[in-house]
Amino acid sequence: RLIKQVMERHDIDDKKFSARAMNGIIQRWKDRGLTPSRVPQSESIAHADGGALAVYTDYQDDLLRVNAADFGDLLLHGLTLFQDNPEVLREYQQRFRYLLVDEYQDTNVAQYLWLRLLAQEHKNICCVGDDDQSIYSWRGAEVENILRFEHDFPGANIVRLERNYRSTPHILAAASALIAHNEGRHGKTLWTDLIEGDKVRVVGVWDGEEEARVTGDEIEALHTKQQSLNAIAVLVRAGFQTREFEERLITLGVPYRVIGGPRFYE
């Protein structure tokens, strides 16, 4: 709402360039550690007919005036504090002698810069991550952070955790063969001592409704062969995806439970 108010002051038509889009641009600048004064000129004129930077500047002024911060500011202000106040940076460098970072492949530029500043004093830093699991670029994550770790911290010891305790050899082989086509990765050789298990089978469908229908048919076929329903599971990426499956199972009269959350209609 505050961004929309600022846009109105700058006569930017919300129908032509929405407040949601403006918020996305501002958050991406913050993810990269860019205060209004550090936004490149080429980018400042590229959005909202050149008005995005002016909105960003006034938006930050308005936040400061009401003593507020948005989510991106939580990182940006911390980074700016370290960059502009060497004595504050030294205090925190002395306070935190050892640093451990998890899911390092999902860090954005602001987090990366903040972390480098904090680690410069002692260089006792351990980062855990997997460049093959970087899936949050749409919200600012930079896989390059983990790819250049050895360059940023010369002499770092790299330990590859290649043993997999969860998946069967067929699953690992399929995943590894697919991800091997990615560019910009360290590479690894995954292995497991689990039994071979079933081969991976890929089924292409048009939409979620057809996916649920195919899955329901497969469940019925397995159950007909005396396979216990307790031994059958449908894994989904997000909770909203259960709807089609639940509706199909209800139609088929197949009892089911949703693990980790309520049923869709609950």
Side-chain angles (χ1 to χ4, degrees), residues 100-107 126-139 141-147 149-150 156-264:
L100 172 61
V101 184
D102 195 14
E103 304 290 4
Y104 192 59
Q105 78 280 353
D106 291 332
T107 54
C126 175
C127 293
V128 182
D130 183 356
D131 49 316
D132 290 336
Q133 294 189 47
S134 180
I135 61 174
Y136 291 112
S137 60
W138 54 274
R139 69 178 190 194
E142 294 278 352
V143 70
E144 289 80 8
N145 293 350
I146 195 171
L147 294 177
F149 184 80
E150 294 168 89
N157 183 29
I158 306 300
V159 180
R160 282 178 167 80
L161 306 176
E162 297 180 317
R163 182 178 182 182
N164 187 290
Y165 296 87
R166 179 184 298 169
S167 300
T168 63
H170 284 308
I171 293 175
L172 291 185
S176 297
L178 184 63
I179 204 69
H181 295 284
N182 273 19
E183 297 179 357
R185 59 188 295 266
H186 284 309
K188 63 181 72 70
T189 304
L190 299 178
W191 65 276
T192 181
D193 57 6
L194 298 178
I195 60 174
E196 287 293 317
D198 295 333
K199 290 186 176 181
V200 175
R201 184 160 56 95
V202 178
V203 179
V205 295
W206 284 107
D207 53 25
E209 184 177 345
E210 185 183 356
E211 182 180 38
R213 185 165 60 251
V214 170
T215 303
D217 292 344
E218 183 75 12
I219 291 173
E220 281 199 310
L222 289 170
H223 193 44
T224 301
K225 297 176 182 177
Q226 307 306 310
Q227 176 69 63
S228 170
L229 293 177
N230 285 332
I232 301 173
V234 178
L235 304 181
V236 295
R237 181 69 184 172
F240 73 88
Q241 293 175 305
T242 67
R243 178 176 180 174
E244 283 89 353
F245 293 106
E246 291 191 62
E247 289 179 343
R248 185 59 182 169
L249 293 176
I250 290 172
T251 299
L252 295 174
V254 176
Y256 68 92
R257 289 183 297 156
V258 175
I259 308 299
R263 297 188 180 204
F264 182 83

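None of these values were measured; they are calculated from a predicted model. In this chain, numbering begins with 1 at the start of the sequence shown.
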Undergrad: Compare every heavy atom of E244 with every heavy atom of A212, then report the nearest pair and how far apart it is.
TA: CB-O, 3.4 Å
Undergrad: Report yes or no: is the cationic atom of R248 (NZ for Lys, CZ for Arg) closer than 6.0 Å to the six-membered ring centre of Y256, at no more than 45° off its axis?
TA: no
Undergrad: Check the surroundings of atom CD in E209: do more than 12 heavy atoms from other residues, nucleotides or ligands lie under 6.0 Å from it?
TA: no
Undergrad: Could you go step by step and tell me if K188 and D132 meet the side-chain contact (heavy atoms from CB on, under 4.5 Å) rule?
TA: CA-CA 9 Å; K188 63 181 72 70; D132 290 336; 2.7 Å; yes
Undergrad: Distance check, rounded to the nearest 0.5 Å: T168 atom OG1 versus K199 atom NZ?
TA: 12.0 Å
Undergrad: Apply the test side-chain contact (heavy atoms from CB on, under 4.5 Å) to residues N145 and Y104: give CA-CA distance (whole Å), side-chain angles for both, the deciding distance (0.1 Å), then the verdict.
TA: CA-CA 8 Å; N145 293 350; Y104 192 59; 4.2 Å; yes
Undergrad: Is the CD1 atom of I195 crowded by more than 12 outside heavy atoms at less than 6.0 Å?
TA: no
Undergrad: Minimum heavy-atom separation for A177 to H181, with atom names?
TA: O-CD2, 3.2 Å
Undergrad: Looking only at non-hydrogen atoms, find the nearest pair between E211 and T215 and report the distance.
TA: O-OG1, 2.8 Å
Undergrad: How far apart are the closest heavy atoms of F264 and E246, and which atoms are they?
TA: N-OE2, 2.8 Å
Undergrad: Going from CD1 on I135 to CD on Q105, what distance comes out if it is rounded to the nearest 0.5 angstrom?
TA: 8.5 Å
Undergrad: Determine whether more than 12 heavy atoms belonging to other residues, nucleotides or ligands lie under 6.0 Å from atom CG of D198.
TA: no
Undergrad: Would H186 and I158 count as a side-chain contact (heavy atoms from CB on, under 4.5 Å) if you check the C-alpha gap in whole Å, the side-chain angles of each, and the deciding distance to 0.1 Å?
TA: CA-CA 11 Å; H186 284 309; I158 306 300; over 6 Å; no
Undergrad: Within the supplied structure, the quantity of interest is the number of heavy atoms (other residues, nucleotides, ligands) at a distance under 6.0 Å from R163 CZ; does it exceed 12?
TA: yes
Undergrad: Show the nearest heavy-atom pair for residues I219 and I232, with the distance to one decimal.
TA: CG1-CG2, 3.9 Å
Undergrad: Would you please test H223 and V254 for side-chain contact (heavy atoms from CB on, under 4.5 Å) and show each step?
TA: CA-CA 10 Å; H223 193 44; V254 176; over 6 Å; no
Undergrad: At what distance, to the nearest 0.5 angstrom, does CG of D106 lie from CD1 of I146?
TA: 9.0 Å
Undergrad: So which atom in S167 and which in T192 form the shortest heavy-atom distance, rounded to 0.1 Å?
TA: O-CG2, 3.5 Å
